[in-house]
Amino acid sequence: MKALKIVPVIFFLLLICQSGKSQQFLSRTGFIGFYSKTALEDIIAENNQVFAVIDTAKNSIAFALLEKGFIFRKELMQEHFNENYVESDKFPKAEFTGTYSSPNAMNKQGVYPVTVKGKLTLHGVTKAIEEAGSIEIKSGSILGTAAFRLKPEDFGISIPSIVRDKISKEMDVKVRVTWITKK
Amino acid sequence: MSIKQLSCIALLFFARLPLQAQTDSLLHLLNDSLSAGSGPVYVTGTFKATHVINMQTIEAPAAGALNMIIQHRFGQLNSGSYNFFGLDNASLRLGLDYGISNRLAVGIGRSSTQKTFDGYLKYKLVRQTEGPHETPLSLSLLGTISNYTQKYSDKPYLNASYRTAYTAQLLIARKLTSHLSVQLVPTYIHYNLVPTAEDKNDVFALGGGVRMKITNRMSINAEYNYLLPNQLVSTEIHNSFSLGWDIETGGHVFQLVFSNSQSMIESQYIGQTTGSWGKGDIFFGFNISRNFNLSKHAKNG
């Protein structure tokens with residue numbers, strides 16, 4: 001009989017675990033694109049297979065993507081990106097892990113501007129970044145967006161002087177992820 | 001403390017663990033599903049250009065891309081100071097390659113050697129992939145036709161048909177590592193006319209090419225074409241061996257080459273190379289290729 005008394009306790013504890021876990025949402029179809037515009041050439045690279053997870057209980061967030069998932073308009077550019085710039089064979093992934101904070105409590109539906117803070121690893125170089133974004137809480141889903149700029153040189157990606165004029169100093173990065181919270 | 005209490009504490013302890021590790025595990029979770037979810041990916045950049053040196057590679061322009069290639073070979077290094085060690089003479093091939101689809105490419109060219117026109121079709125049959133269910137090799141089929149238009153007053157019987165040769169090649173390549181690619185090329189050549197009855201019209205050869213990256217934008221290349229013996233006997237034909245150094249800058253690939261062949265098309269460098277490395281019949285030269293995007297889709301990018 002003693003053993004039976006423990007059963008509800010176990011259930012209760014499992015419930016705590018469950019409720020903790022149920023605040024995590026995963027998306028496999030997040031979008032990250034980067035853009036460069038110069039007088040000589042425009043670069044558009046978009047990845048629609050970004051893995052992103054958000055934990056609304058802990059306000060933590062993480063992204064991971066395969067560099068080879070970036071699709072360019074020009075195939076040769078894509079080849080050069082993988083072979084010469086991000087070196088995808090050596091560094092196949094880029095990832096971000098961090099937290100977000102909002103001045104307001106995010107318990108109702110609506111758009112919340114947030115500050116995302118964390119570590120971005122790209123081309124084998126990890127750098128702390130802090131960028132503004134927004135989180136929109138909808139019924140059944142959460143939409144996260146951000147737009148910011150990154151310097152290739154900050155991540156050890158060197159750009160030869162001969163093509164320097166064709167690639168802008170800073171890349172415009174756009175992020176957009178929808179997490180389904182109710183099936 | 002009773003067993004019940006102890007086990008409660010123990011359970012509590014274990015139950016809390018995953019929660020505490022959660023921030024780190026978010027990324028682990030992602031990375032696990034990222035590696036599990038990734039499908040096969042085409043291997044790119046097996047070779048930088050459409051030619052190892054003289055030999056064509058499995059690479060072809062992407063759909064809607066036009067590749068212009070200028071191939072240039074000076075004269076023989078051993079031709080003496082009077083000819084400025086070969087720099088006085090030059091042989092040139094101008095070529096245009098166009099990607100009809102991502103698998104099919106078409107090309108035309110004109111060489112100054114024997115005033116030769118050439119055309120080819122290249123089809124990427126199999127493309128090497130990585131990831132689950134990887135395809136280990138890339139296979140391309142290459143068919144070429146060449147026609148020389150040089151006038152010979154002593155050979156008035158040379159009509160267009162006699163001047164034509166055909167080549168079929170199976171290009172088998174593998175990018176072994178990110179720095180090393182190899183290619184094997186079984187070759188069949190048909191000459192409509194050969195100099196003597198002892199020479200065969202159907203000629204077989206086996207070529208090999210290798211590319212080794214030395215930096216992100218430079219590589220060293222070598223190729224060798226082995227002509228099977230007792231096929232072309234009326235003239236002393238040497239196997240074509242070439243060394244090259246690729247330098248890539250954006251849409252250009254610049255290749256510096258040394259070869260014992262002066263001509264740059266299959267029917268000529270495989271079956272008509274009379275130069276020998278041992279005697280110093282070495283031709284210095286370069287290939288420059290430039291990629292243009294003609295399709296609207298590519299232009300908008």
Side-chain angles (χ1 to χ4, degrees), chain A residues 2-3 5-6 9-10 12-14 16-17 20-21 23-24 26 28 41-45 49-55 57-58 60-66 68-69 72-80 82-85 87-90 92-93 95-99 121 158 160 162-163 166, chain B residues 2-5 7-8 11-12 14-19 22-35 37-39 41-45 48 59 61-65 67 99 102 130-131 175 177-179 213 215-217 248-253 291 293 295 297-301:
Chain A
K2 255 191 178 176
K5 279 187 185 168
I6 300 176
V9 179
I10 294 172
F12 176 68
L13 286 170
L14 280 174
I16 294 176
C17 290
K21 282 228 158 136
Q23 301 306 302
Q24 276 183 14
L26 172 73
R28 291 160 205 272
E41 197 151 49
D42 292 347
I43 300 168
I44 297 178
Q49 292 170 298
V50 178
F51 281 56
V53 63
I54 188 168
D55 188 324
K58 301 189 71 109
S60 62
I61 194 164
F63 293 85
L65 62 80
L66 291 174
K68 287 198 175 171
F72 287 66
R73 295 278 168 90
K74 293 179 183 170
E75 197 187 271
L76 199 63
M77 258 183 202
Q78 192 167 326
E79 190 180 310
H80 291 161
N82 286 304
E83 291 254 322
N84 304 340
Y85 293 93
E87 300 175 272
S88 306
D89 287 324
K90 245 192 271 176
K93 287 177 213 164
E95 53 194 35
F96 172 83
T97 173
T99 54
T121 306
S158 59
I162 195 155
V163 293
K166 293 181 175 180
Chain B
S2 73
I3 294 171
K4 195 169 88 177
Q5 280 171 311
S7 46
C8 274
L11 261 171
L12 255 173
F14 286 120
R16 291 299 299 176
L17 259 185
L19 282 175
Q22 212 159 270
T23 325
D24 280 340
S25 72
L26 276 187
L27 203 60
H28 283 295
L29 178 82
L30 280 184
N31 280 332
D32 287 347
S33 38
L34 196 65
S35 29
S38 61
V41 183
Y42 286 126
V43 170
T44 58
K48 267 296 128 198
E59 306 290 349
N67 193 54
N102 277 328
E130 56 190 9
K175 191 173 189 178
T177 70
S178 60
H179 284 74
K213 261 172 98 165
T215 73
N216 270 351
R217 291 175 183 82
E248 182 192 22
T249 56
H252 294 91
V253 182
N291 195 72
N293 282 289
S295 75
H297 176 68
K299 268 192 179 163
N300 291 340

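A, B, ... follow the sequence lines: proteins, then strands. Residue 1 opens every chain.
- The contact between A:Ala52 and chain B is made entirely by backbone atoms, counting heavy-atom distances below 4.5 Å.
- A salt bridge links A:Lys74 to A:Glu41: one of the charged nitrogens lies within less than 4.0 Å of a carboxylate oxygen.
- Using a cut-off of 4.0 Å between Lys/Arg side-chain N and Asp/Glu carboxylate O, B:Glu59 and B:Lys48 are scored as not salt-bridged.
- Atom CD of A:Gln49 has 12 or fewer neighbouring heavy atoms from other residues, nucleotides or ligands inside a 6.0 Å radius.
- Of the charged side-chain nitrogens involved, none lies within less than 4.0 Å of a carboxylate oxygen, so that A:Glu87 and B:Arg217 do not count as a salt-bridged pair.
- With a threshold of 4.5 angstrom between heavy atoms, A:Ser158 approaches chain B through N, CA, C or O but not through any side-chain atom.
- Contacts between A:Val163 and chain B at a heavy-atom distance below 4.5 Å involve the side chain alone, from C-beta outward.
- Interface residue A:Leu65: only backbone heavy atoms are found under 4.5 Å from chain B.
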Under the criterion side chain to side chain contact (heavy atoms under 4.5 Å, CB included), I'd like the reasoning laid out for A:Asn84 against B:Glu248: C-alpha separation, chi angles, the key distance, then a yes or no.
CA-CA 10 Å; A:Asn84 304 340; B:Glu248 182 192 22; 3.2 Å; yes
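- Looking at A:Asp89, only its side chain comes within 4.5 Å of chain B, counting heavy atoms on both sides.
- Note: B:Gly45 leads B:Gly99, B:Ser178, B:Gly45 in heavy-atom pairs under 4.5 Å with chain A.
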